[in-house]
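Below: one structure, written as structure tokens.
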Amino acid sequence: MIQRPRGTRDFGPQEMAERRRVEQAMRDVCLRAGFGEVVTPTFEHSELFTLRSGQAVIDEMYAFRDKGDREMALRPEITASVIRFFVNELSNSPKPLKLYYVGNCFRYENPQSGRFREFFQLGAELIGSKNPETDAEVIALAVNAIRSTGLKDFTVRVGHIGILKSLVQAEIPDKQAVAEVLRMLDKEDFDALGDMFDARTLPRKLFDRITTIAEMRGSVEIMDSLEKSEATDHLREIFRILSLYGIEDCKIDLGIVRGLDYYTGMVFEIDAPALGAEKQIMGGGSYTLSELFGGEPVFSTGFAIGIDRVALALAAEGEKKPHTPLDAYVIPAKDDMRDHAFRIVSSLRAEGVRADVDLMRRNMSKNLKYASSAGAKCAIIVGSKEMADNSVTLRDMRTGDQRVVAVGDLAKVVAGLG
RNA sequence: GCCGGGGUGGGGUAGUGGUAUCCUUGGGGACUGUGGAUCCCUUGACCCGGGUUCGAUUCCCGGUCCCGGCCCCA
């Protein structure tokens, strides 16, 4: 027997129905906000991803050499591809350019709860602006997308990378050290950070200042204790616009650092507390990537939502809808009714009813049982007595009630079952 | 890459150094148009490899996969 590769999943019809519902709800939100869908290749030149994220990520990519001896990789994310697409072909489009995508991504990591080697992301990029209203638009889109799935319990945290970064850069010239400091701040590993400060005899005052800021979270007012800067003004303006968008439940979190260099300003994350160690369901921020790929520097803001984790969080909240993949199941009462049954199922389908028919030549009892387990809303029993009148018996599978319905009215009656 | 806990029919389980229990599901049949029944028949499992042993599903080692956690998280 061939096993499924580690960290991958098969999705059955029931699970896919729920995943499609979630995905479709989020797509609709994107479309309504004026974002158009793009699709990019599932694999790219490895360089695209190492340029963006550094050589280290090659260890966690499905990287390979193709038959033409090119270094390729299954995409570990989709933002890089979208920006490459932008630089290659869309850079002269009117701004802002609003794009969204849905797709599978691959990372060679150790699977655990909410973490798979093949996973699915929905993301959006707004290209061509760095105004606070741009950032607010993208945050609102992300929040509305999550909301649209029906998820109740999630927290939105918004920060600004510039606040900590500029403080650290002002005192520490070594670029590598700056990155290291920011990484420790992100992890809130203040002990290790303190050790580093001692070892390098860095100013204690800076340590106190940045650790205080890294721990700051709460409403916008929490920034009142900070001196006014471009970054704090920017964040305040984002929050002001968000409230105009009807989004009031975002928190400031100045401790968000999001590892990579190209994030330039606002950064934000959404967590679903119901999940375990891997509770982040969305990450995003503003960045300038295009020049990395050989284009003009262009400001963008984007995010990516982990569809798998959203689905897990919804399951944890017990959000369950009854699964009724079939509206009607057509049962011939006797063998000589089969031809009538096929005609009826065909006309039901043509009229938009999800209908199935007995193909196993089962008897009445087993057909009713099958209709029940298949989740049909009703059974259509086709018998000679009713057919003499050009009618059939319709049995509501939820109540067991039966009535005779004219074939001509059948589709309408079935659709009316709700 | 590291750590912990697990792998018995499709799903859920019992049990054992001498190849396996029960439930459910699937397939077939009986019951001649209502029994979402009932009854009968039936398919189907000890993760893989090595070791110990007369004999391993059981004990030991390695691998693999699953679950959870660390690292990492684009």
Side-chain angles (χ1 to χ4, degrees), chain A residues 1-10 12 44 46 48-61 73-83 105-117 119 121 123 183 186-187 189 256-263 267 269 275-285 287 289 292 302-304 306 309 312 329 331-337 340-341 360-388 392-404:
Chain A
M1 197 168 68
I2 312 287
Q3 295 294 332
R4 174 160 39 77
R6 182 169 167 77
T8 62
R9 292 153 297 159
D10 298 312
E44 297 263 10
S46 302
L48 178 70
F49 305 114
T50 53
L51 269 178
R52 163 159 148 96
S53 309
Q55 207 62 34
V57 299
I58 203 130
D59 295 335
E60 297 191 340
M61 286 201 299
L74 298 182
R75 59 184 177 198
E77 45 126 352
I78 299 181
T79 298
S81 298
V82 173
I83 300 303
C105 302
F106 306 84
R107 292 184 192 174
Y108 197 92
E109 294 188 291
N110 224 334
Q112 64 189 67
S113 180
R115 197 172 227 201
F116 307 97
R117 289 188 171 179
F119 58 98
Q121 288 193 334
R183 212 174 59 79
D186 189 37
K187 286 201 300 186
D189 190 351
I256 306 175
V257 174
R258 297 197 67 77
L260 300 177
D261 279 354
Y262 54 81
Y263 279 105
V267 285
E269 297 179 346
L275 301 179
E278 303 289 331
K279 65 186 196 315
Q280 189 182 330
I281 56 175
M282 187 248 39
Y287 58 88
L289 260 186
L292 258 184
F303 66 81
R309 292 187 186 176
L312 282 172
Y329 183 72
I331 301 172
K334 293 190 81 174
D335 281 343
D336 59 3
M337 288 293 108
H340 287 301
M360 297 294 284
R361 305 184 181 180
R362 280 190 261 246
N363 60 38
M364 176 69 67
S365 170
K366 294 206 169 156
N367 265 325
L368 285 171
K369 182 182 173 176
Y370 177 80
S372 175
S373 66
K377 288 181 191 165
C378 70
I380 309 294
I381 296 159
V382 183
S384 50
K385 287 179 214 151
E386 300 92 318
M387 278 312 288
V392 294
T393 298
L394 183 148
R395 180 187 182 94
D396 188 315
M397 293 304 288
R398 288 163 297 194
T399 62
D401 297 339
Q402 293 195 178
R403 59 181 153 145
V404 176

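Throughout, a chain's letter reflects where its sequence line sits, starting with A, and its residues are numbered from 1.
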Note to self: From CG of Asp336(A) over to P of rG33(B), roughly how many Å is that when rounded to an integer?
What the structure shows: 10 Å

Check: Between Asp10(A) and Arg4(A), is the closest basic N to carboxylate O distance under 4.0 Å?
Finding: yes

Checklist line | Under 3.5 Å on both distances, the Watson-Crick or G-U partner of rG62(B) | finding: rC48(B)

Item checked: Atom-to-atom span, CZ of Arg115(A) to P of rC73(B) - whole angstrom -> 10 Å

Checklist line | N/O (side chain, Lys366(A)) to phosphate O (OP1/OP2, rC31(B)) under 4.0 Å | finding: no

Notebook entry, point to check: Quantified in whole Å, what is the P atom distance between nucleotide rG15(B) and nucleotide rA74(B)?
Noted result: 47 Å

Check: Considering heavy-atom distances to RNA chain B, does Gly7(A) or Glu269(A) have its closest nucleotide positioned more toward the 5' end?
Finding: Gly7(A)

Notebook entry, point to check: Taking only N and O in the side chain of Arg4(A), is any of them less than 4.0 Å away from OP1 or OP2 of rC65(B)?
Noted result: no

Note to self: Would you measure the distance from the C1' atom in rA20(B) across to the matching atom in rA14(B) and give it in whole Å?
What the structure shows: 9 Å

Note to self: Rounded to whole Å, please give me the gap between CD in Gln280(A) and P in rC73(B).
What the structure shows: 12 Å

Note to self: Using atom P in both nucleotides, what's the gap between rU57(B) and rG51(B) to the nearest angstrom?
What the structure shows: 13 Å

Checklist line | Minimum-distance nucleotide (side-chain atoms of Glu278(A) versus rG36(B), rA30(B), rC72(B)) | finding: rC72(B)

Next item on the list: Rounded off to whole Å, could you give me the CG-to-P distance for the Asn363(A) and rG33(B) pair?
Entry: 9 Å

Margin query: Pairing check on rU16(B): which nucleotide meets the Watson-Crick or G-U wobble criteria with it, both distances under 3.5 Å?
Written below: none

Margin query: I'd like the C1' distance from rU25(B) over to rG11(B), given in whole Å.
Written below: 7 Å

Margin query: Nearest 0.5 angstrom please: Leu368(A) CG to Arg395(A) CZ, how far?
Written below: 5.5 Å

Check: Using atom C1' of each nucleotide, how far apart are rA45(B) and rG9(B) to the nearest Å?
Finding: 4 Å

Notebook entry, point to check: Any side-chain N or O of Arg6(A) less than 4.0 Å from the OP1 or OP2 oxygen of rC66(B)?
Noted result: yes

Item checked: Euclidean distance, atom CG of residue Asn367(A) to atom P of rG29(B) [Å, nearest integer] -> 12 Å

Next item on the list: For Ala277(A), report the nucleic acid contact type (base, sugar-phosphate, nothing); a contact means any heavy atom under 4.0 Å.
Entry: sugar-phosphate

Item checked: Spatial distance of atom CZ (Arg362(A)) from atom CD1 (Ile331(A)) [nearest 0.5 Å] -> 10.0 Å

Margin query: Looking only at the side chain of Tyr263(A) (C-beta and beyond, no hydrogens), which of the listed nucleotides rC31(B), rG33(B), rA74(B) gets closest?
Written below: rA74(B)

Next item on the list: Round to the nearest Å and state the distance from Arg361(A) atom CZ to rU32(B) atom P.
Entry: 20 Å

Margin query: With a 4.0 Å cutoff (strictly under), does any side-chain N or O of Arg183(A) reach OP1 or OP2 of rC72(B)?
Written below: yes

Check: Is the number of heavy atoms from other residues, nucleotides or ligands within 6.0 Å of NZ (Lys279(A)) greater than 12?
Finding: no

Next item on the list: Determine the interatomic distance between P on rU21(B) and the same-named atom on rU52(B); round to the nearest Å.
Entry: 31 Å

Check: Would you say rG36(B) has OP1 or OP2 under 4.0 Å from some side-chain N or O of Ser365(A)?
Finding: no

Checklist line | Integer angstrom distance from the P of rC46(B) to that of rU58(B) | finding: 12 Å

Check: Under 4.0 angstrom, heavy atoms only, what part of the nucleic acid is Met360(A) near: base, sugar-phosphate, or nothing?
Finding: sugar-phosphate

Check: Across all strands shown, which nucleotide pairs with rG1(B) by Watson-Crick or G-U wobble geometry, both distances under 3.5 Å?
Finding: rC70(B)

Notebook entry, point to check: Given the P atoms of rU64(B) and rG49(B), what is the spacing between them in whole Å?
Noted result: 15 Å

Notebook entry, point to check: Between Pro111(A) and Arg117(A), what is the shortest heavy-atom contact and its length?
Noted result: CD-NE, 4.2 Å

Notebook entry, point to check: Are Asp396(A) and Arg398(A) within salt-bridge range, i.e. N to O under 4.0 Å?
Noted result: yes

Next item on the list: Using whole Å, report how far CD of Glu60(A) lies from P of rC2(B).
Entry: 14 Å

Item checked: Cation-pi geometry met for Arg75(A) and Phe49(A) (6.0 Å, 45°) -> no

Check: Between rU34(B), rG33(B), rA74(B), which nucleotide has the shortest distance from any of its atoms to the side chain of Arg395(A)?
Finding: rU34(B)

Check: Which residue, Tyr370(A) or Phe49(A), contacts RNA chain B at a nucleotide closer to its 5' end, judged by nearest heavy atom?
Finding: Tyr370(A)

Margin query: Under 4.0 Å between a side-chain nitrogen and a carboxylate oxygen: does that hold for Glu77(A) and Arg52(A)?
Written below: yes

Notebook entry, point to check: Within the pair Arg362(A) and rG27(B), is there a side-chain N or O less than 4.0 Å away from OP1 or OP2?
Noted result: yes

Next item on the list: Assign Thr79(A) to base, sugar-phosphate, or nothing according to its heavy-atom contacts below 4.0 angstrom with the strands shown.
Entry: nothing

Check: Side chain of Glu109(A): nearest nucleotide among rC72(B), rG26(B), rG68(B)?
Finding: rC72(B)

Next item on the list: Remember a base hit wins even if backbone is also touched, and classify Asn110(A) as base, sugar-phosphate or nothing at under 4.0 Å, heavy atoms.
Entry: base

Notebook entry, point to check: Among the nucleotides rG69(B), rC72(B), rU34(B), which one has an atom lying closest to any side-chain atom of Lys187(A)?
Noted result: rC72(B)

Check: Counting any heavy atom closer than 4.0 Å, what does Gln121(A) reach on the DNA or RNA strands: base, sugar-phosphate only, or nothing?
Finding: nothing

Checklist line | rC70(B) phosphate, OP1 or OP2, under 4.0 Å from Gln112(A) side-chain N/O | finding: yes

Margin query: If I take atom CD1 in residue Ile380(A) and atom P in nucleotide rG36(B), what distance separates them, rounded to the nearest angstrom?
Written below: 17 Å

Notebook entry, point to check: Has the side chain of Ser384(A) got a donor or acceptor atom sitting under 3.5 Å from an opposite partner on the base of rG33(B)?
Noted result: yes

Check: Under 4.0 angstrom, heavy atoms only, what part of the nucleic acid is Gly283(A) near: base, sugar-phosphate, or nothing?
Finding: nothing

